[in-house]
Structure formats: C-alpha cells, structure tokens
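First up is the structure itself, then whatever we jot down about it.
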Amino acid sequence: MFCRPIKFIFVKETMEMTKIETNKVLEQINNLEPTSCDLAGSEIYVKHKLLLTMTDGKVCNALTETHSSQKCYICGATPTMMNDEGRHFDSNQDNFGFGLSTLHAWIRSFECFLHISYKLDIKKWQARSSQEKASVKQRSDEIKQRFKHEMGLIVDKPKPGFGSTNDGNTARRFFGNPELSARITGLDVTIIKNFDVLLRTLCSGFEINLVEFNKLCLETRRLYLSLYSWYYMPATVHKLLIHSTEVVKTAIVPIGQLSEEAQEARNKDCRRFREHNTRKCSRLVTNRDLLNMLIITSDPLINSLREVPKKKSNKLCAEVLKLIIAPTIEPRPQIPSRPPQNEEDYLVSESSDCESDDSDIET
Ligand SMILES: [Zn+2]
C-alpha cells in the first residue's frame, strides 16, 4: 500500500554499491523487534518477515553476482542454453526469494515478441549485412505504424529522459488482443494468447494451480522453440517459462502480491513532485523537498484520509480461472457478548459480510 523512501544516495548504481546497501537493509531487518499488541487483555507478539521482491533485474543480477544481463540469475543459463530444447536447468533455490518481477515480465515478453516480428523476414538473431538491416528497419517501421493506427499504441519509441514507451499498459494491451496483435506482427496467435494467460495468472494475486500452470509453461516453451528458435529467448522470458512454477511454490503469499508495481508507480510521482513541488535553487533543497513529498504521501495516517481511487474492475478470463485456485473464505465465528442463555444464542447466524461467489472473481 505504501512505498516509502528509507534512504537517498547520490551515487552511481554499481554492483558493489547495490550489495553494500542491500546488506545494510538486511541487517536492519534482522534486528527488527517483534511488535506487541494488546488484544482484549492478552498480549500478542507479531514477528516481521520482510521480502526483497520489489527489485528490478539489475539489482537481482548484482546480488546474485550475475555479470551479464543476458544470463539467468536462477540457473546461470546463457542465451544458447535457454534455446536448447532438451536441456535441464538446475535452479539455485537461494535466488527464488527475489520473486518474479511480474511487471517487468509483461514488458520484456512484449518486447521479445516485437523484436521477433521485426526480424521475421530474415529469421536471424542479428541483422549483419546492409540488406538485412534495411529489411528489419522497413518491417519495424511498418509494424510501429500499424500499432499506432490500428491499436492507438506508440511502441518502441524512446522517451526523452527515461526509458521507452513500452510500459506495462502497452504490454497488457498487446497481449489482451491476441488476434489483432498477431495480425499486425505476423506472429503466431496461440503463443501470444498463452503468454497472456500465464502473465495474467501470475498477476492475479490468487493461489495458482501449479500442475496446470507448469504444463502451460512447458507447452508454451515448446511452441516458442518450434517457431522462433532462431531468436534467443530473453532471460526474463526464460525465467517465466522455466522457473516461475518453482518460484511461486516457495513464495509465502500468492506471487501477484509480490509485484514491483507499487515501486515502479512511484517513478511517476517522483517526476511530478520534482517538477511541481520542489524548490529549484539547489540540488540539495530540490531533493529535500522531493523526499518530504514522498514521506508525506506514503504516510499511513495521511493515506487513510485519502479517498481510494476506484479501480476499473478487471474480470479474469476463463483460461486464467482454470489456472487459479478460488479463495476460500471462512465464516467469522460470532462471539456472544453475554453468556448464552437460550438455544438461539448457540446458533451462528448466517453472516452477510462474507459473500463468496467463486464464479465471479474480480481483481
Ligand atoms: Zn534459468
């Protein structure tokens, strides 16, 4: 609910720096004292378990000493190994704790398909000759134009100052309309659909039926390799298809609840606050004002006064419902405020505050 800054350093983000700062945080986590609560006269202690799942790929690579961003930080596979159909991947279980970075999984999968579609004519990982380069350029221009006209999406265009226009929303729109996306890109419609189902299932925030989920992952990987084995699968796509089942199994809550989305959403706030709510007379005061704004807006008390913006209800499709386990809601036992006196007091009334309708799960 709240993404709160705990430290601000003006320094280059190196592997060494990431490790030093992470260790400092881990040390603080280890030293956390249990919180004591008083519940109707009895004292209850709550222990805290903090998980490092709001990390981006760069941080995961630094912490697992993976020096190339093309390598998988869970099993150490290189791009050639990832596209080897019969290969078995030995996972390092210590690295499951970083979660799956589900938001980045959407974006990287989308970009992977986009780049495959640019190179569909030459069917090669890298365009080397000038003829091949021209072909890729022409195809990519055409595809970008069609995305703009037919879906209203501006894809793969660098944004001044930060990243590109490929964000979570672009990716969800691409996968959300597989028929049209397949028509524009010339890619296989089933593989786009499968990715959509896999990613939506992971993000749903519900428990996942791992047997069925893993089946779909392996099936999708086979399909990918049969169609596009000439394009090296990006590490994020490999992680999704090979390791996601194991990672989900070891996570203590449904994986969709461990998304890095809350933190990424703060980037937008940072830019807005810096532009409109800071003094610009020196770098020091600009950053002080920015941090103050971040602290204020993430304050639990202030936040509780704010009206929660209504989220558009997002119904899960039938394919996703097949892969998730419907949540069970236990009826709350009713505690009589006075000692039971007659037969009626022993009956638990049918409480209306736990309406469960498992056919209609919404996020
Ligand atoms: Zn791997």
Side-chain angles (χ1 to χ4, degrees), residues 15 18-19 22 51-116 125-126 168 171 175 191-192 194-203 208-256 258-260 323:
M15 234 176 181
T18 308
K19 270 195 262 176
T22 311
L51 304 169
L52 223 71
T53 63
M54 274 206 198
T55 46
D56 58 15
K58 215 167 159 188
V59 173
C60 291
N61 287 342
L63 297 178
T64 56
E65 309 225 352
T66 310
H67 292 274
S68 159
S69 62
Q70 292 183 334
K71 263 173 109 179
C72 168
Y73 70 81
I74 294 180
C75 69
T78 58
T80 343
M81 294 178 185
M82 291 176 198
N83 274 25
D84 180 355
E85 172 129 39
R87 201 177 183 95
H88 174 78
F89 300 97
D90 277 323
S91 326
N92 180 354
Q93 301 213 355
D94 297 341
N95 298 340
F96 288 168
F98 295 115
L100 278 175
S101 314
T102 42
L103 172 69
H104 280 90
W106 278 103
I107 303 170
R108 293 292 161 283
S109 306
F110 164 61
E111 287 180 335
C112 167
F113 283 120
L114 208 56
H115 290 128
I116 292 177
W125 163 247
Q126 255 180 340
F175 288 109
I191 199 162
I192 300 180
N194 284 5
F195 266 85
D196 184 53
V197 172
L198 290 173
L199 290 163
R200 269 178 216 281
T201 307
L202 286 176
C203 294
I208 296 169
N209 179 341
L210 290 174
V211 178
E212 290 301 317
F213 184 79
N214 196 36
K215 245 191 238 166
L216 186 61
C217 283
L218 297 178
E219 201 183 289
T220 308
R221 179 165 183 265
R222 266 197 300 275
L223 186 61
Y224 180 100
L225 292 178
S226 71
L227 293 167
Y228 314 115
S229 60
W230 47 268
Y231 190 88
Y232 292 122
M233 197 179 280
T236 315
V237 173
H238 157 85
K239 192 172 74 175
L240 170 70
L241 298 179
I242 294 288
H243 303 297
S244 57
T245 309
E246 297 170 292
V247 176
V248 171
K249 207 189 284 174
T250 51
I252 57 166
V253 290
I255 200 80
L258 300 177
S259 149
E260 77 280 31
L323 294 183

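Below, all heavy atoms of this structure are taken into account, side chains as well, without hydrogens, waters or symmetry copies. Whatever order the structure lists them in is the order used to number ligands and atoms, beginning at 1. Bear in mind the structure is a predicted one, so any value in this text is a computation, not a measurement.
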**Asked** Do L240 and L100 have side chains that get closer than 4.5 Å, going by heavy atoms?
**Response** no

Within the side chain of [X], is there an N or O that forms a donor-acceptor pair under 3.5 Å with the backbone of [Y]?
X	Y	result
E260	T102	yes
T250	V247	yes
N83	S229	yes

**Geometric class of the F113/F195 ring pair [parallel <30°, tilted 30-60°, perpendicular >60°]** = perpendicular

**Message:** With 2.8 Å as the limit, count the protein N, O or S atoms near the Zn ion (ligand 1).
**Reply:** 4

**Asked** Among T236, L225, L218, L198, which residue meets the side-chain contact (heavy atoms from CB on, under 4.5 Å) test with L241?
**Response** L198

